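To start, I am sharing the structure in question, which I have written as structure tokens.
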Amino acid sequence: MYMLLLAIIYLTFVSLGLPDSLLGAGWPVIHTDLGVSVPSMGIISMTISGGTICASLFSERITKKLGTRTVTCISVFLSAASMLGFSSATKIWMLIIWAVPYGLSAGAIDAALNNFVALHFSSRHMSWLHSFWGVGAIVSPYIMSHALSHSGWRSGYVVTGLLQAAIGIILVVTLPVWKVCGNKNSDQKGEKALGIAGTLRIKGVPFILAAFFSYCAGESTVMLWASSYLVSTGMKEEHAAAFASLVYIGITAGRFVCGFVSDRLGDRKMIRIGMIIAVSGAAVALIPFSPVILKLAGLLIIGFGCSPVYPSIIHSTPMNFGAENSQAVIGVQLTSAYIGSTFMPPVFGLLSSLVGLWIMPLYAGLFFGLVILMTEKTYKYAGGEKSTDQSLVR
């Protein structure tokens, strides 16, 4: 039963990743069809991020009231409805409206399921869980590409919405399976919420928030600016767009590999090793006048180095701050992460206009170094002495 539940959770994370690459893949056609400028996508993206941040901030209260499985089911159907809403949009304001429930659903699923897996499953499953998110994020551009080639961008959203609805139905049918983890530590349903202020007062929490902010700031900057960075080195635009996927490939493949060693090494060592590798990749990409193959290798190494950090920070939360506080802490952690990924890549855009795109590896590398510093401080002050009920971890 545990393995069936795990398969359901993996499938849900595929659903979470499916819409993430859809807007970017279809935007070159969508903006023309709707008669808006290319930068208008930023408005939609910021709206999605805003919804995700709000859902993360209130995830503890919502999850303790409804329970993880109910929150997950509702959120998947809400995301499916949002995708179908995107497909019917004829004006950009319609996309903006549907971006709100999409952002809310993504934030709710992310916070609830990450906490559930951190409490009940081992580190390797957390790594593989986020690898399955990568599967969804990699598949969706192909869905949109097929749609653009045959029927138009709207059908790409329809197909994605129907896939998510199908996953939602599977979740409803398999609701009883979640009872295999039905104990007081499942999600503390009905217990009093700690709240944002109470969470921030927990020893070590500010440091882990800074670490998560820094990690997502560096990772998102590399993801969003890799193509432009490669073009600045002289690579053709079409080739740069393809090779920019090396970052995603490195992250997804790395998380799969990390699943085999994370239980043995532990979350703290995985974070250290990952960030050292990512900093090394940034250094390789930063070498002046180096051949393009080194730039590509640097991006791949950065992605591989980033792969264990997000899952390891999440999985170590119950150990660092106690199982009773984990939902609250994970909620604010994800909020910090989303703020970093939303606002710091545009900051780099402004900086690059003054200095040049060549500093992208340096910019990201500084954030990766900060992750190491802040996570070490977290372990020092939080102690990492508390642990989850090991009978739950599979």
Side-chain angles (χ1 to χ4, degrees), residues 13 16-17 20-21 24 45 48-49 52-53 56 106 110 114 126-127 129-131 133-134 136-138 208-230 243-258 267 270-286 295-315 333-349 351-352 357 359-375:
F13 247 63
L16 181 64
D20 282 1
S21 305
S45 178
I48 294 170
S49 296
T52 306
I53 290 169
S56 299
D110 208 5
N114 270 304
M126 183 65 81
S127 292
L129 178 72
H130 286 268
S131 183
W133 169 86
I138 290 171
I208 201 63
L209 297 186
F212 228 157
F213 174 92
S214 301
Y215 166 72
C216 288
E219 179 198 59
S220 297
T221 297
V222 176
M223 285 179 171
L224 292 174
W225 289 95
S227 181
S228 299
Y229 169 73
L230 291 174
F243 282 118
S245 65
L246 286 171
V247 182
Y248 291 94
I249 293 171
I251 290 174
T252 303
R255 285 175 178 166
F256 179 75
V257 172
C258 287
D267 295 320
M270 293 299 293
I271 295 169
R272 285 176 180 168
I273 293 170
M275 286 294 87
I276 290 171
I277 293 173
V279 169
S280 300
V284 170
L286 193 61
K295 306 293 185 186
L296 299 178
L299 293 178
L300 184 62
I301 294 169
I302 289 172
F304 194 84
C306 285
S307 61
V309 179
Y310 198 117
S312 295
I313 289 177
I314 293 292
H315 188 264
Q333 281 179 166
L334 294 180
T335 300
S336 181
Y338 296 136
I339 292 173
S341 61
T342 300
F343 294 104
M344 298 318 291
V347 170
F348 170 75
L351 183 62
S352 67
L357 286 164
I359 67 163
M360 190 269 284
L362 176 61
Y363 182 87
L366 291 174
F367 279 115
F368 295 150
L370 192 58
V371 172
I372 298 174
L373 177 62
M374 291 296 103
T375 51

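Being a predicted model, the structure only gives us computed values, none of them experimental. Numbers for residues simply follow the sequence, beginning at 1.
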(request) State, to 0.1 Å, how close M126 and P311 come at their nearest heavy-atom pair, and which atoms those are. (result)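 Heavy atoms of M126 and P311 come nearest at CG-O, 3.2 Å.
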
(request) Please report the closest heavy-atom contact between Y229 and L286, naming both atoms and the distance. (result)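 Shortest heavy-atom contact: OH-N, 4.4 Å.
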
(request) Hey, could you give me each pair passing side-chain hydrogen bond (donor to acceptor under 3.5 Å, both in side chains) that has a residue in residues 271-285? Not counting sequence neighbours. (result)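 Listed by first then second residue: R272-E376.
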
(request) With sequence neighbours excluded, give me every side-chain hydrogen bond (donor to acceptor under 3.5 Å, both in side chains) pair touching residues 210-219. (result)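 Applying side-chain hydrogen bond (donor to acceptor under 3.5 Å, both in side chains) to every pair that reaches into residues 210-219, excluding sequence neighbours, yields Y215-E219.
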
(message) Looking at S127, is its backbone amide N or carbonyl O close enough to the side chain of S131 to form a donor-acceptor pair, meaning the two atoms are under 3.5 Å apart?
(response)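 It does not hold such a pair.
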
(message) Quick check: do L370 and L373 have side-chain heavy atoms less than 4.5 Å from each other?
(response)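 A side-chain contact exists here, since the closest heavy-atom pair is under 4.5 Å.
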
(message) Within the 4.5 Å heavy-atom criterion, are N114 and L129 side-chain neighbours or not?
(response)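 They are in side-chain contact.
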
(request) Sequence neighbours left out, what passes side chain to side chain contact (heavy atoms under 4.5 Å, CB included) with V279? Give chain and number order. (result)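 Checked V279 against side chain to side chain contact (heavy atoms under 4.5 Å, CB included); matches are F368.
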
(request) With sequence neighbours excluded, tell me which residues meet side chain to side chain donor-acceptor pair (under 3.5 Å) with S49. (result)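 By the side chain to side chain donor-acceptor pair (under 3.5 Å) rule, S49 matches T342.
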
(request) For L246, check side chain to side chain contact (heavy atoms under 4.5 Å, CB included) against everything at least two apart and list the hits. (result)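 Expected list: F243, L296, L300.
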
(message) Within the structure provided, determine whether T375 and V309 are in side-chain contact (heavy-atom separation under 4.5 Å).
(response)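 SC-SC contact between T375 and V309 ruled out.
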
(message) Less than 4.5 Å apart, side chain to side chain, heavy atoms only: is that true for Q333 and L209?
(response)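 Yes, their side chains come closer than 4.5 Å.
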
(request) Please list, chain by chain and in numerical order, all residues satisfying side chain to side chain contact (heavy atoms under 4.5 Å, CB included) with I339, sequence neighbours excluded. (result)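 With sequence neighbours excluded, I339 shows a side chain to side chain contact (heavy atoms under 4.5 Å, CB included) to I53, F213, T335, F343, given in chain and number order.
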
(message) Which heavy atom of I301 sits nearest to which heavy atom of G281, and what is that distance?
(response)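 Answer, listing the atom of I301 first, then G281: CG2-CA, 3.5 Å.
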
(message) To check you understand the geometry: which heavy-atom pair defines the closest contact between A278 and I302, and what is its length?
(response)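 Smallest interatomic distance, heavy atoms only, reads O-CG1, 3.7 Å.
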
(message) Quick one: does any side-chain atom of S352 pair with a main-chain N or O of G349 as donor and acceptor, under 3.5 Å?
(response)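 Flag set: sc S352 to bb G349 pair under 3.5 Å.
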
(message) For a 4.5 angstrom cut-off between non-hydrogen side-chain atoms, does D267 reach I313?
(response)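 Sidechains of I313 and D267: no contact.
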
(message) For C258 versus P308, what's the shortest heavy-atom pair and its separation?
(response)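 Nearest heavy atoms, C258 then P308: SG-CB, 3.7 Å.
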
(request) Locate the shortest heavy-atom distance separating A285 from P361; write the atom from each residue and the value. (result)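 Smallest interatomic distance, heavy atoms only, reads CB-CG, 3.8 Å.
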
(request) If a pair satisfies side-chain hydrogen bond (donor to acceptor under 3.5 Å, both in side chains) and one of its residues is in residues 301-314, list it, with sequence neighbours excluded. (result)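 Matches after skipping sequence neighbours: D110-Y310.
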
(request) Only counting residues at least two apart or in another chain, list the ones meeting side chain to side chain contact (heavy atoms under 4.5 Å, CB included) with Y248. (result)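 Partners of Y248 by the side chain to side chain contact (heavy atoms under 4.5 Å, CB included) criterion, ordered by chain and then number, come out as M223.
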
(message) Please evaluate residues Y338 and I48 with respect to the criterion side chain to side chain contact (heavy atoms under 4.5 Å, CB included), reporting the C-alpha separation (whole Å), side-chain torsions for both, the decisive distance (0.1 Å), and the verdict.
(response) CA-CA 10 Å; Y338 296 136; I48 294 170; over 6 Å; no

(message) As an exercise, state the distance from CE of M275 to CE of M374, rounded to the nearest 0.5 Å.
(response)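 One gets 14.0 Å once the value is rounded to the nearest 0.5 Å.
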
(message) Suppose we screen for ring-ring contact (aromatic ring centres under 6.0 Å, His included). Which residues come up paired with F348, at least two apart in sequence or across chains?
(response)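 F348 satisfies ring-ring contact (aromatic ring centres under 6.0 Å, His included) with W225, Y363 once adjacent residues are dropped.
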
